[in-house]
A.B. asks: 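Before we start, here is the structure in question, set down as structure tokens.
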Amino acid sequence: MEQVVRHPGGFPVVGIIGGGQLARMCQPPAVGLSLTLAVLSEGPQAAAALVVPNAPVGAHDDVETVREFARQCDVVTFDHEHVPPEVLAALEEDGVPLHPRPSALRYAQDKLAMRERLGDLVDCPRWRAVGSVDDLAAFGEEIGFPLVLKTPRGGYDGKGVRMVSTADDVADCADWFERAGSDPLLAEEAVDFTREIAVLIARSPSGQAAAWPVVETVQTDGICTEVIAPAPDLDDDLATAVTAAGLRIAGELDVTGVMAVELFEVVRDGRPGYVVNELAMRPHNSGHWSIDGSITSQFEQHLRAVLDLPLGDTRARSRWTVMGNVLGGAEPEHAELYGTYKHLLARDPGLKMHLYGKEVRPGRKIGHVTVCGDDLADLRERAAHAAGYLEGTITE
């Protein structure tokens, strides 16, 4: 493995395991902070490897490869949450500063562990670990259908999640239990919610914490397609309660770095409330708006936090920021993005486009667009048009 080239002046090296778009988006703020990034990348064409000079290729589940990479870094953090426990244990044994620490990361890696731990801290859905269709049926009989069945590890963007609408649907879940073997699955009540929201928290090893405004996230077929910051018409007391819940989780779980808390907004006894859905202990899709819409982006803040630097100002730069995810189009001609990109730059000079350098595949997240301003309806239309034009679903 080639030696990492360090920035002169005694500035540290931040190592990131995984070469996806989250690692890629850490590079601009690293330059601004005079830091050196090193990325353990899946391949030379990975999103981060295209923009980070120090990007050795290696597998995140190979203990010796990860150890060799980590020896060149002052701290190590993660582009994703799939690093195996044995690799994390080996790094801890070597004394590598890891952020988040494995003791916290497990609650983002394992949804059953998360549910068990969060139940004492915040409002959560009713849930149960189920090992068979009989267990699932019994849970449904107890609390009522519909239910949501989840794989505890590895699910994202709607993958590993299945609705169980009625008791008649339980038998159709047998293949999920067969694939899981002896490992239980997570069954939850299907929460009756008004919308989905999220709060982003940053916390440093010394305990300093900061939060961004609560945002609304819009999902299409299990994939986030739009984020509105701040969440429109959010009750002030609910915004305070959600932010307090995020800070409480970060403190109690000893999270270091950026953490996203995804929630359902609900109505209880005529008053707005929340239910925590999931956690992500890394920069997150719900915080991409902060690159252009916040004084300190989630990516800069994550670097500050893992190095225990003072955290930055999380206030919004504009009244509204709208972020739209860009998914890969279905037709081959949509794989060539540069011409489309140039058209959008000319059509909307205020539009910010962030493309991830990923091969275009139908439905794959390949980038996002952001617009900021005072007219929310106009911003939503502009973001939706740009995302749709890049995807090929809008042609003018």
A.B. asks: Would you say T296's side chain and T314's backbone share a donor-acceptor pair under 3.5 angstrom?
C.D. replies: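 Checking the backbone N and O of T314 against the side chain of T296, no donor-acceptor pair under 3.5 Å is found.
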A.B. asks: Would you check if there is a donor-acceptor pair between the side chains of H302 and T77 at a distance under 3.5 Å?
C.D. replies: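 Short answer, yes.
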A.B. asks: Report yes or no: does N325 contribute a side-chain atom to a donor-acceptor pair with the main-chain N or O of C224 at less than 3.5 Å?
C.D. replies: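 Checked: pair present.
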A.B. asks: Could you tell me whether K358 atom NZ has more than 12 heavy atoms of other residues or ligands within 6.0 Å of it?
C.D. replies: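 Result for NZ/K358: enclosed.
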A.B. asks: Could you walk me through whether Y274 and E265 pass the side chain to side chain contact (heavy atoms under 4.5 Å, CB included) test, one step at a time?
C.D. replies: CA-CA 5 Å; Y274 73 86; E265 183 178 349; over 6 Å; no
A.B. asks: If Ile, Leu, Val, Met, Phe, Trp and Tyr residues are connected whenever their side-chain heavy atoms lie under 4.5 Å apart, and connections chain through other members, are V14 and L91 in the same group?
C.D. replies: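 No, it is not one cluster - the side chains of V14 and L91 are not joined through contacts under 4.5 Å.
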A.B. asks: Could you tell me whether a side-chain N or O of T256 sits under 3.5 Å from a main-chain N or O of S204, the two making a donor and an acceptor?
C.D. replies: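 Pair absent, no side-chain N/O of T256 close to backbone of S204.
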A.B. asks: Which pairs pass ring-ring contact (aromatic ring centres under 6.0 Å, His included) with one or both residues in residues 5-27, sequence neighbours excluded?
C.D. replies: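 Sorted pair list: H7-F11.
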A.B. asks: Do L253 and L263 sit in the same hydrophobic cluster, where Ile, Leu, Val, Met, Phe, Trp and Tyr count as joined when their side-chain heavy atoms come under 4.5 Å apart?
C.D. replies: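 Same hydrophobic cluster.
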A.B. asks: What distance separates E278 CD from M114 CE, expressed to the nearest 0.5 Å?
C.D. replies: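 Answer for the CD-CE pair, E278 versus M114, is 5.5 Å.
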A.B. asks: Are any side-chain N or O atoms of S41 and backbone N or O atoms of P44, one a donor and one an acceptor, separated by less than 3.5 Å?
C.D. replies: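 Checked: no pair found.
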A.B. asks: Could you check whether K150 pairs with E188 (Lys NZ or Arg NE/NH1/NH2 to Asp/Glu carboxylate O, under 4.0 Å)?
C.D. replies: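 Salt bridge flag = yes for E188 with K150.
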A.B. asks: Are R315 and D313 close enough for a salt bridge, meaning some N to O gap below 4.0 Å?
C.D. replies: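 Judged by the 4.0 Å cut-off on N to carboxylate O distance, R315 and D313 do form a salt bridge.
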A.B. asks: Closest approach of L376 and P232, non-hydrogen atoms and distance?
C.D. replies: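 Taking every non-hydrogen atom into account, CD2-CG, 3.8 Å.
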A.B. asks: Output all residues satisfying side chain to side chain contact (heavy atoms under 4.5 Å, CB included) with S182, sequence neighbours left out; order by chain, then residue number.
C.D. replies: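 Checked S182 against side chain to side chain contact (heavy atoms under 4.5 Å, CB included); zero matches.
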A.B. asks: Donor-acceptor pair, E189 side chain versus R126 backbone, under 3.5 Å?
C.D. replies: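 Here the side-chain-to-backbone pair exists.
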A.B. asks: Would you say that more than 12 heavy atoms from the other residues, nucleotides or ligands in this model lie under 6.0 Å from the CZ of R380, or not?
C.D. replies: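 No, CZ of R380 has 12 or fewer neighbouring heavy atoms, counting only those of other groups under 6.0 Å.
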A.B. asks: Under 4.0 Å between a side-chain nitrogen and a carboxylate oxygen: does that hold for D254 and R101?
C.D. replies: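 Result for this pair is yes, salt bridge flagged.
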A.B. asks: Hey, could you give me the CG/SG distance between L118 and C124, rounded to the nearest 0.5 Å?
C.D. replies: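 Rounded to the nearest 0.5 Å, the CG-SG separation comes to 5.0 Å.
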A.B. asks: Between N285 and H368, does any side-chain donor sit less than 3.5 Å from a side-chain acceptor?
C.D. replies: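 Absent: no donor and acceptor within the cut-off.
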A.B. asks: Take E336 and Y341 through the test side chain to side chain contact (heavy atoms under 4.5 Å, CB included) and record every step on the way to the result.
C.D. replies: CA-CA 9 Å; E336 296 299 323; Y341 171 90; over 6 Å; no
A.B. asks: Is a donor from one side chain sitting under 3.5 angstrom from an acceptor on the other, for W289 and S294?
C.D. replies: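 Distance-only check fails for W289 and S294.
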A.B. asks: Are D79 and R282 within salt-bridge range, i.e. N to O under 4.0 Å?
C.D. replies: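 Looking at R282 together with D79, the answer is no, because their closest N to O distance does not fall below 4.0 Å.
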A.B. asks: Of T194, V191, I197, which is the lone residue that meets side chain to side chain contact (heavy atoms under 4.5 Å, CB included) with F264?
C.D. replies: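 Only one of T194, V191, I197 forms a side chain to side chain contact (heavy atoms under 4.5 Å, CB included) with F264, namely V191.
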A.B. asks: Is L186 reachable from V170 through a run of hydrophobic residues whose side-chain heavy atoms are each under 4.5 Å from the next?
C.D. replies: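 No, because V170 and L186 fall into different hydrophobic clusters, even though each may have its own neighbours under 4.5 Å.
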A.B. asks: So, for H60 and F69, is the gap between ring centers shorter than 6.0 Å?
C.D. replies: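 So the answer is no for these two rings.
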A.B. asks: Thinking salt bridges, do R382 and D348 make one under a 4.0 Å N-O criterion?
C.D. replies: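 Here R382 pairs with D348 in a salt bridge, since their nearest N and O are under 4.0 Å apart.
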A.B. asks: Hey, are the side chains of H385 and L344 touching, using non-hydrogen atoms and a 4.5 Å cut-off?
C.D. replies: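 Yes; the side chains approach each other to less than 4.5 Å.
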A.B. asks: Provide the closest heavy-atom pair for G363 versus L327 in the form atom of the first, atom of the second, distance.
C.D. replies: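 Minimum heavy-atom contact is O-CD2, 3.9 Å.
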A.B. asks: CG/L355 to CD/Q21 distance, rounded to the nearest 0.5 angstrom?
C.D. replies: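 These two atoms lie 11.5 Å from each other.
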A.B. asks: Group every Ile, Leu, Val, Met, Phe, Trp and Tyr by side-chain heavy-atom contacts under 4.5 Å, then state whether V4 and L37 land in the same group.
C.D. replies: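 In one cluster: no.
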A.B. asks: When you check the gap from the basic side-chain N to the acidic O, do R317 and D292 get nearer than 4.0 Å?
C.D. replies: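 Here R317 does not pair with D292 in a salt bridge, since their nearest N and O are not under 4.0 Å apart.
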A.B. asks: Does any part of the side chain of C372, heavy atoms only, come nearer than 4.5 Å to the side chain of W320, both counted from C-beta?
C.D. replies: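 When only atoms from C-beta onward are counted, C372 and W320 do not touch, as no gap falls below 4.5 Å.
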A.B. asks: Residues in side chain to side chain contact (heavy atoms under 4.5 Å, CB included) with A190, at least two apart?
C.D. replies: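 Listed in chain order: P146, V148, M163.
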A.B. asks: Decide side chain to side chain contact (heavy atoms under 4.5 Å, CB included) for V275 and R268; before the verdict, give the C-alpha distance in whole Å, the side-chain angles of both, and the deciding distance to 0.1 Å.
C.D. replies: CA-CA 11 Å; V275 174; R268 289 179 172 169; 3.2 Å; yes
A.B. asks: If you measure from CD1 on I366 to CD on E391, what distance do you get to the nearest 0.5 Å?
C.D. replies: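 Spacing of CD1 (I366) from CD (E391) equals 7.5 Å.
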A.B. asks: Give a yes or no on whether the backbone of L112 and the side-chain of D110 come within a donor-acceptor separation of less than 3.5 Å.
C.D. replies: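 Yes; at least one donor-acceptor contact below 3.5 Å.
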A.B. asks: Taking all non-hydrogen atoms of both residues, which atom of A55 and which atom of A49 are closest, and how far apart?
C.D. replies: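 Closest pair (atom of A55, atom of A49, distance): CB-CA, 3.8 Å.
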A.B. asks: Mind checking whether V52 and V76 sit in one hydrophobic cluster, side chains of I, L, V, M, F, W, Y counted as touching below 4.5 Å?
C.D. replies: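 In one cluster with V52: V76, no.
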A.B. asks: Roughly how far, to the nearest 0.5 Å, is CG of L311 from CD of Q208?
C.D. replies: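 That separation rounds to 3.5 Å.
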A.B. asks: Quick one: does any side-chain atom of D308 pair with a main-chain N or O of S206 as donor and acceptor, under 3.5 Å?
C.D. replies: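 The answer is yes, because a donor-acceptor pair under 3.5 Å joins these two groups.
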A.B. asks: Are there more than 12 heavy atoms of other residues, nucleotides or ligands under 6.0 Å from atom CG of D175?
C.D. replies: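 Enclosed: over 12 neighbouring heavy atoms sit under 6.0 Å from CG of D175.
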A.B. asks: Please check if the side chain of R364 supplies one atom and the backbone of G328 the other of a donor-acceptor pair under 3.5 Å.
C.D. replies: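 A pair under 3.5 Å: no.
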A.B. asks: Test V130 against F177 for side chain to side chain contact (heavy atoms under 4.5 Å, CB included), laying out the working first.
C.D. replies: CA-CA 9 Å; V130 291; F177 291 100; 3.9 Å; yes
A.B. asks: Should we say atom CD of E116 is surrounded by more than 12 heavy atoms from elsewhere, each under 6.0 Å from it?
C.D. replies: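 12 or below, so no.
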A.B. asks: Treating R162 as the side-chain partner and L149 as the backbone partner, does any N or O pair qualify as donor plus acceptor under 3.5 Å?
C.D. replies: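 No; zero donor-acceptor contacts below 3.5 Å.
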A.B. asks: Once rounded to the nearest 0.5 Å, what's the spacing between atom OG1 of T340 and atom CD1 of I394?
C.D. replies: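 These two atoms lie 12.0 Å from each other.
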A.B. asks: Is the side chain of N54 donor-acceptor paired with the backbone N or O of V5 at a distance under 3.5 Å, no angle test?
C.D. replies: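 Checking the backbone N and O of V5 against the side chain of N54, a donor-acceptor pair under 3.5 Å is found.
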A.B. asks: Less than 4.0 Å between a side-chain N and a carboxylate O, is that true for R67 and E64?
C.D. replies: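 Salt bridge present between E64 and R67.
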